[in-house]
Amino acid sequence: MPCVYLSLALTLLLLLVLLGLRAWLQGRRKTRRAQDGGPAVAFFHPYCNAGGGGERVLWCSLRALMNRYSNVSFVVYTGDKGVTGEQVLEGARQRFNITLPRPVTFIFLRHRDLVEAASYPHFTLSGQSTNNLWWEALTAFVPDLYVDSMGYAFTLPIFRYLGGCKVASYVHYPTVSTDMLSVVRERNPRFNNADFISRNPVLSALKVLYYCLFALLYGLAGSCSDVVMVNSTWTLGHILALWRCPSRTSVVYPPCDVRAFLDVPKCHSIVSVGQFRPEKDHPLQIRAFAKLLDRKGDGPGGREALRLVLIGGCRNQEDEDRVLRLRGLCQELGVSDRVDFKLNVPFDELKRELVSATIGLHTMWNEHFGIGVVECMAAGTIVLAHKSGGPKLDIVVPHEGRQTGFLADSEDSYAAAMETILALTPLAKLEIKRAARESVGRFSDQEFEACFLAATEALMNQMVR
């Protein structure tokens with residue numbers, strides 16, 4: 001009985017602490033709103049200066065909301081270090097051709113390393129999801145509407161129930177998915193399933209149990225969101241299965257600046273666009289390219305006529321080390337003289353590379369969407385993407401009965417597809433390019449902004465009235 005009484009007393013004490021904390025945070029929000037004279041929207045985006053597709057979503061979302069709601073102020077929680085807010089905005093202008101119509105306030109979080117995978121060599125998902133970076137953000141600024149635009153679903157119940165905020169989320173990729181479970185069940189070694197686990201049936205069973213428990217908690221956290229936006233049909237299927245809130249969930253395709261590519265005349269290289277993260281599988285690109293060079297030989301139109309250009313952003317030292325290992329792989333395979341690495345390039349240089357390329361290469365398994373794939377299609381580059389996820393379901397699909405690109409899923413199939421594309425007649429290439437360029441209008445910035453505003457309109461109207 002003493003243990004029961006102690007447990008009840010501790011539970012009551014915890015409840016009182018949480019209620020007191022909630023009252024304090026909501027009091028701060030009301031005081032801030034009275035001082036500012038209007039509501040505030042805050043985006044949680046610890047890597048807002050990274051220069052990837054998720055960052056384009058952030059800046060286009062802000063631009064759309066700023067143009068629609070003149071009396072609302074905007075905040076971005078970011079963990080970027082060594083840069084100022086002005087430098088972040090200038091980076092957005094150079095990389096994405098996006099300029100915000102009004103100022104935005106940046107809250108620089110000091111402990112972004114808490115969400116770095118390197119901080120958690122084991123139980124990485126749990127560590128990244130349940131760290132206390134949310135506490136630093138919430139105590140620094142309590143918004144009226146909180147938007148998680150990077151996939152940190154466990155922040156949603158915190159901001160909703162402790163901060164008293166309305167909450168919305170834009171999901172690029174589910175933190176855990178049935179595909180991840182199948183990889184572990186089948187004991188298939190991948191970047192997120194270490195060899196020593198895949199070889200051990202007991203450890204594999206324990207990891208499946210861990211993933212199932214995590215998926216349950218992830219679903220509960222995500223279901224707290226008042227509005228859920230997902231970036232593709234593939235992501236929609238997983239989020240509906242995990243979060244179980246179909247009435248609040250909609251597909252809002254991410255914005256791609258297709259007009260900037262459609263306006264450029266098309267003029268021979270193989271280009272890949274994607275951050276240097278492990279899931280992008282750049283080694284597969286290099287190995288497939290090496291096999292293509294072996295197939296082509298040294299004759300006319302052979303090795304000397306082909307070049308692989310890898311364009312992408314490096315977020316941190318881990319990404320830069322990954323690029324060094326990729327350069328080592330190129331030397332090992334004897335293709336370093338035919339492979340170029342272009343890191344953190346400005347938007348104009350990206351555009352030049354894409355419009356001069358013959359093939360746009362993509363190799364990520366179960367890519368949630370694939371902004372780089374869309375940009376390649378808009379630029380008039382024939383796309384060769386992975387036969388899974390967003391590219392298979394949403395992007396590289398027939399347009400009015402016409403082919404828009406190619407799909408592959410192994411070194412041999414990629415090499416064969418590249419050889420097929422290079423052997424196409426000029427007329428056949430032109431037909432595929434035309435169909436692809438006509439199909440990408442549905443992924444434009446304008447289409448994204450219209451869908452984003454429609455999805456958030458009810459929440460925004462509740463806040464500003």
Side-chain angles (χ1 to χ4, degrees), residues 43 45-66 74 76-104 106 108 112 149-151 170 172 231 253-264 271-277 280 282 309-317 319-320 322-323 340-357 360-362 364 367-379 381 440 443-446 448-449 452:
F43 285 77
H45 209 102
Y47 294 88
C48 75
N49 198 39
E55 287 65 62
R56 172 172 274 281
V57 167
L58 170 67
W59 304 122
C60 284
S61 302
L62 281 166
R63 182 175 62 187
L65 291 172
M66 285 179 175
F74 296 91
V76 174
Y77 301 109
T78 179
D80 292 300
K81 297 176 182 178
V83 293
T84 64
E86 291 76 14
Q87 289 171 325
V88 172
L89 293 173
E90 177 60 19
R93 188 193 66 79
Q94 289 186 1
R95 292 169 183 163
F96 305 120
N97 199 30
I98 295 174
T99 302
L100 297 182
R102 290 196 280 126
V104 60
F106 290 94
F108 290 92
R112 190 179 70 181
S149 52
M150 272 204 75
Y170 188 95
H172 299 273
N231 67 344
Y253 289 124
C256 308
D257 193 4
V258 297
R259 189 166 57 186
F261 294 101
L262 292 172
D263 291 342
V264 178
V271 170
S272 161
V273 179
Q275 288 182 316
F276 287 99
R277 306 203 307 263
K280 296 297 183 180
H282 289 91
V309 182
L310 303 179
I311 303 173
C314 286
R315 303 162 299 171
N316 49 36
Q317 187 61 47
D319 288 352
E320 292 175 8
R322 190 170 294 111
V323 172
D340 293 333
F341 290 83
K342 295 185 179 265
L343 312 181
N344 301 319
V345 301
F347 183 76
D348 286 342
E349 185 175 351
L350 169 65
K351 192 161 63 172
R352 284 195 301 271
E353 289 290 346
L354 287 183
V355 299
S356 64
L361 191 59
H362 164 276
M364 179 176 169
E367 171 82 89
H368 37 91
F369 181 70
I371 286 181
V373 178
V374 174
E375 289 175 338
C376 287
M377 294 168 74
T381 301
V440 297
F443 305 126
S444 67
D445 284 2
Q446 295 74 23
F448 167 80
E449 291 185 8
F452 184 88

* Quick one: pull up CD1 in I371 and SG in C256 and give me the separation to the nearest 0.5 Å. => 4.5 Å

* Quick one: CZ on F347 to CD1 on I98, what's the gap to the nearest 0.5 Å? -> 8.5 Å

* What residue pairs, at least two apart or across chains, pass salt bridge (Lys or Arg N to Asp or Glu O under 4.0 Å) with a residue in residues 77-86? -> D80-R112

* Give a yes or no on whether the backbone of G52 and the side-chain of E55 come within a donor-acceptor separation of less than 3.5 Å. => yes

* To do: Taking the side chain as every heavy atom from C-beta outward, state whether L65 and F43 have any atom pair closer than 4.5 Å.
  => yes

* Asked: What orientation do F443 and Y253 show, parallel under 30°, tilted 30 to 60°, or perpendicular over 60°?
  -> perpendicular

* Could you grab the distance from atom CD1 of I311 to atom CD of E349, nearest 0.5 Å is fine? => 7.0 Å

* So which heavy atom on G51 is nearest to which on Q275, and how close? -> C-NE2, 4.3 Å

* Asked: What residue among S444, C60, S61 forms side chain to side chain contact (heavy atoms under 4.5 Å, CB included) with P255?
  -> C60

* Asked: In chain order, what residues pass the side-chain hydrogen bond (donor to acceptor under 3.5 Å, both in side chains) check against R56, with sequence neighbours excluded?
  -> D445

* **Pairing residues for Y170 by the ring pair (Phe, Tyr, Trp, His ring centres under 6.0 Å) criterion, not counting sequence neighbours** => H172

* Asked: Would you call V104 and M66 a side-chain contact if the rule is heavy atoms closer than 4.5 Å?
  -> yes

* Donor-acceptor under 3.5 Å (R95 side chain, N344 main chain) -> no

* **Stepwise side-chain contact (heavy atoms from CB on, under 4.5 Å) check, L89 with L100** => CA-CA 8 Å; L89 293 173; L100 297 182; 3.8 Å; yes

* Do the non-hydrogen side-chain atoms of T78 and V88 ever get within less than 4.5 Å of each other? -> no

* To do: Kindly write out the residues that satisfy side-chain contact (heavy atoms from CB on, under 4.5 Å) with C376, not counting sequence neighbours, or none if the list is empty.
  => L354, T381, V383

* Excluding sequence neighbours, so at least two apart, what forms ring pair (Phe, Tyr, Trp, His ring centres under 6.0 Å) with H45? -> none

* Structure fact -> For E90, the salt bridge (charged side-chain N to carboxylate O under 4.0 Å, His left out) test, sequence neighbours excluded, returns R93

* Structure fact -> Separation between CD (Q317) and CD (E320), nearest 0.5 Å, reads 4.5 Å

* Asked: By side-chain hydrogen bond (donor to acceptor under 3.5 Å, both in side chains), which residues pair with D319, not counting sequence neighbours?
  -> R315, R322

* Asked: Residues two or more places apart in sequence or in another chain: which of them pass side-chain hydrogen bond (donor to acceptor under 3.5 Å, both in side chains) with H362?
  -> E367

* Listed partners of F276 passing ring pair (Phe, Tyr, Trp, His ring centres under 6.0 Å), at least two apart -> H282

* To do: Examine distances only and state if a side-chain atom of Q87 and a backbone atom of T84 form a donor-acceptor pair shorter than 3.5 Å.
  => yes

* Listed by chain and number, what are the side-chain hydrogen bond (donor to acceptor under 3.5 Å, both in side chains) partners of N316, not counting sequence neighbours? -> E116

* **Minimum heavy-atom distance F106-C48, with the two atoms named** => CE2-SG, 4.0 Å

* Would you sort out whether V57 and N231 count as a side-chain contact (heavy atoms from CB on, under 4.5 Å), showing the intermediate values? => CA-CA 10 Å; V57 167; N231 67 344; over 6 Å; no

* Under the salt bridge (charged side-chain N to carboxylate O under 4.0 Å, His left out) test, residues paired with D340 that sit two or more places apart -> R307

* To do: To the nearest 0.5 Å, tell me how far F96 CZ sits from L350 CG.
  => 9.5 Å

* **Nearest-0.5 Å distance that lies between atom CG in N97 and atom CG in D348** => 7.0 Å

* For F452, all residues meeting ring pair (Phe, Tyr, Trp, His ring centres under 6.0 Å), sequence neighbours excluded -> F448

